[in-house]
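Please read all numbers here as calculations on a predicted model, not as lab measurements. Below, chains carry the letters A, B, ... as their sequence lines are ordered, and counting in each starts from 1.
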Amino acid sequence: MAIIETLQKAVAAALQHYYGVEMPAEQVQVNTTSAEFTGDYTVVVFPFVKLAKKAPDVVGAEIGAFLKEKVDTVQDFNVIKGFLNLELSTEYWQSFLSELLTNPDFGKQPDNGHRVMVEYSSPNTNKPLHLGHIRNCLLGWSCSKLLEATGNQVVRAQVINDRGVAICKSMLAWQKFGEGATPESSGIKGDHLVGEYYVLFENKSKEEYAAWQKTDAARAVYQAKAKPDQPEDAFFKDFKNNWFNQYSALGTEVREMLLRWEAGDPDTVALWKKLNSWVYAGFDETYAKLGVAFDKLYYESDTYLLGKDIVEDGLKKKVFFRKDDGSVWVDLTDAGMDQKVVLRADGTSVYITQDLGTARKRYDELGCDRVVYVVADEQNYHFTVLFEVLKRLGEPYADGLHHLSYGLVELPTGRMKTREGTVVDADDLIEEVIRVAREQASEHGALDTLSPEEQEDTLRKIALGALKFFIIKVNPKKRMIFNPEESVDLQGQTGPYIQYSGVRINGLMQRVEKEKVDLAPAGSYTNFEDAEKELLKALHAYPDTVKTAAAEYDPSHLANYSYNLAKSYHRFWHDVSVFNADDPAAKAFRLQLSKAVGQVLASGMDLLGIEIPQRM
RNA sequence: GGUCCCGUAGCUCAAUGGAUAGAGCACCUGCCUUCUAAGCAGGUGGUUGCAGGUUCGACCCCUGCCGGGAUCACCA
């Protein structure tokens, strides 16, 4: 904020003037004053005492006097234990407020000419979205909004893992046992239907494995391969993947199906397209409910062969080397990593080959000089390697790549496990939060006069506000415990608490409209109440909060800010009267202040992907 | 075992190296005749995993331990 720079420069000038000390202005620490002291901004004078060779309170008093005289926005100061607290003039705060109100883009930055891609969600097409995808989507969406707000052009991209063994399992199970069921005939949402066949496949496979374990062949394998003293059940648990690849009839069928798919067999491709189309329709519905969207879709089936030219390139540049068997590697041991295959001996791509290829392709085609990959932290190593390799290849965009790594979402009972059926389904969860919101609303009664459509819309906003805030308030890199009961709380540190402060403001604004209140005399109101000053200071901090959240790819900063702003507003609401204020200037000022808070809350919540209802 | 991440109130989470480590939930106590009480005010609750170090000042930076997690495939 410009005021901070002004103060920094003035302090530097004071140091020069009194002590002949040269200090770069940006090294001067200016903090916001904590609530229990008088003042708006605080200069920490400890770093200067050695240079000035005077006691902290003397230095503070001298600099304070200098600032008060030379900087007209500094109205007063006090020094406590080496902290120089500065009070800005009421004129400054008044003009700040009116500037905020005339600037609908307050807190946002102008176009900086960069184009950034934010890649998020990356679902597999063999089952529906779950709680983990929700955290991913909310982070990706909010992050993309933050990047836009800080002046970037953003491309939202989704990579869809639409090929491979997983979807073939669903396809095979549907073919064998589905009897032609469709989403229409079964009344089941497409992604859930396909997911059911995936589960069915896994169950059938489990049965087959159990039966196989009783055969002589299995006994022979156990005798030959088990470690000494290894009990049978432990051995067969470990052996499962080997069995599936070598002995399983279903396994063989799936692999044959995958081969047919890769060969472009028309029937297989048609089946694949049919099931995937059901899944996409299901995903679209879930994304719509979550309020997230994409500008660009990448299908793994289009990109999985990509990246071979970059391997050639890397060989030429001696970044990669070829082993005798023909496989291509990169040696990162000098950077504390391992050697890594980038191309198999048979010439086919591996996971990282694709990512190398798509990174270059995106830069070439879309000019994205920054890419944010929103991917869970289990892939930290993969991205460290990927970025390092691209750097060594001298790719021009290599420094603009960022892995927004987020921690796993766990339940109070522990990790979600597919096998134990503890995975929280995204659609179920959304339905559940809406149900609870409906229950609470009927007790509350505030929505009773709305039309049924408006009621539904409001309930959706409240419910999703609760769910989204609950997830987004946590620092992304931390693992989070998701307690379903707490996620639907509407009181306390929650989305609805913030929405409610916005709703209160909406109510005021409607009344302003109706009663045609004159807001002009606000400027003559100068004797701010504590609650008012607190709000002004909070509003003042908004642009920096947006900047920090964007720079750190961390929406939780903004979530916490929004909560604190809402909290200050609730206190203000309680402490002072707005419409019943005793003088017209106070009334006008409080209405302007409320309007400003409403504007910033709406802006901030929008960056988090949360809507504020008209009433609740 | 190597590398990386996390350990803060009973629980879920905050705290650009700055002042007495803060919120919410839960548990108590108050506040609707006044702009929506989905709100406000107060109380209880802490050796910031442990031990050193750097600094005028450390939850934050450094070192070593302890605990939890992730990852180290010609899988994705």
Exercise. For A/Glu262, enumerate each residue passing the side-chain contact (heavy atoms from CB on, under 4.5 Å) test, keeping only those at least two apart in sequence or located in another chain.
Key: A/Arg163, A/Leu258, A/Leu259, A/Tyr304
Can you pull every protein N or O that's under 3.5 Å from an N or O on nucleotides 68-70 of chain B?
residue, atom, partner, partner atom, Å
B/A70, OP1, A/Arg415, NH1, 2.5

Quiz prompt | For A/Phe470, all residues meeting ring pair (Phe, Tyr, Trp, His ring centres under 6.0 Å), sequence neighbours excluded | solution = A/Phe482
Exercise. Would you mind listing every side chain to side chain donor-acceptor pair (under 3.5 Å) that reaches into residues 77-86 of chain A, with sequence neighbours excluded?
Key: A/Thr42-A/Asn85, A/Asn78-A/Asn85
Practice problem: Among the candidates B/A38, B/A19, B/U71, find the nucleotide nearest to the side-chain atoms of A/Thr42. | Solution: B/A19
Quiz item: Taking the inter-plane angle between the rings of A/Phe244 and A/Phe201 on a 0 to 90° scale, is it parallel (under 30°), tilted (30 to 60°) or perpendicular (over 60°)?
Solution: perpendicular
Quiz prompt | Side chain of A/Phe83 (C-beta onward), nearest among B/A76, B/A38, B/G18 | solution = B/G18
Quiz prompt | Pairs touching residues 505-517 of chain A that satisfy side chain to side chain donor-acceptor pair (under 3.5 Å), sequence neighbours left out | solution = A/Arg511-A/Glu515
Exercise. Please measure how far the C1' atom in B/C56 lies from the corresponding atom in B/G42, and state the result in whole Å.
Key: 37 Å
Quiz item: Considering only side-chain heavy atoms of A/His557, which listed nucleotide, B/A15, B/G39, B/A76, is closest?
Solution: B/A15
Self-check item: Partner residues of A/Gln493 under the side-chain contact (heavy atoms from CB on, under 4.5 Å) criterion, sequence neighbours left out
Solution: A/Phe469, A/Lys473, A/Asn560, A/Tyr563
Quiz item: Is A/Phe46 stacked on the base of B/G57 when the test is centres under 5.5 angstrom and planes under 30 degrees?
Solution: no
Exercise. Kindly write out the residues that satisfy salt bridge (Lys or Arg N to Asp or Glu O under 4.0 Å) with A/Arg255, not counting sequence neighbours, or none if the list is empty.
Key: none
Exercise. Among the candidates B/A38, B/A37, B/C5, find the nucleotide nearest to the side-chain atoms of A/Trp573.
Key: B/A37
Practice problem: Sequence neighbours left out, what passes side-chain hydrogen bond (donor to acceptor under 3.5 Å, both in side chains) with A/Asp334? Give chain and number order. | Solution: A/Arg392
Self-check item: Dot-bracket encoding per residue of RNA chain B, Watson-Crick/G-U cut-off under 3.5 Å, | denoting interstrand
Solution: (((((((..((((....[...)))).(((((.......))))).....(((((..]....))))))))))))....
Practice problem: May I ask you to say what A/Pro56 touches in the nucleic acid, namely base, sugar-phosphate or nothing, with a heavy-atom cut-off under 4.0 Å? | Solution: nothing
Self-check item: Non-neighbouring partners of A/Gln440 that pass side-chain hydrogen bond (donor to acceptor under 3.5 Å, both in side chains), sequence neighbours left out
Solution: none
Exercise. Check whether any side-chain nitrogen or oxygen of A/Lys478 sits under 4.0 Å from OP1 or OP2 of B/C5, and answer yes or no.
Key: no
Practice problem: For A/Phe383, enumerate each residue passing the ring pair (Phe, Tyr, Trp, His ring centres under 6.0 Å) test, keeping only those at least two apart in sequence or located in another chain. | Solution: A/Tyr373, A/Phe387, A/His403
Quiz prompt | Annotated protein contacts, base or backbone, on nucleotides 20-25 of chain B with a non-hydrogen cut-off under 4.0 Å, one of B, S, - each | solution = S--BSS
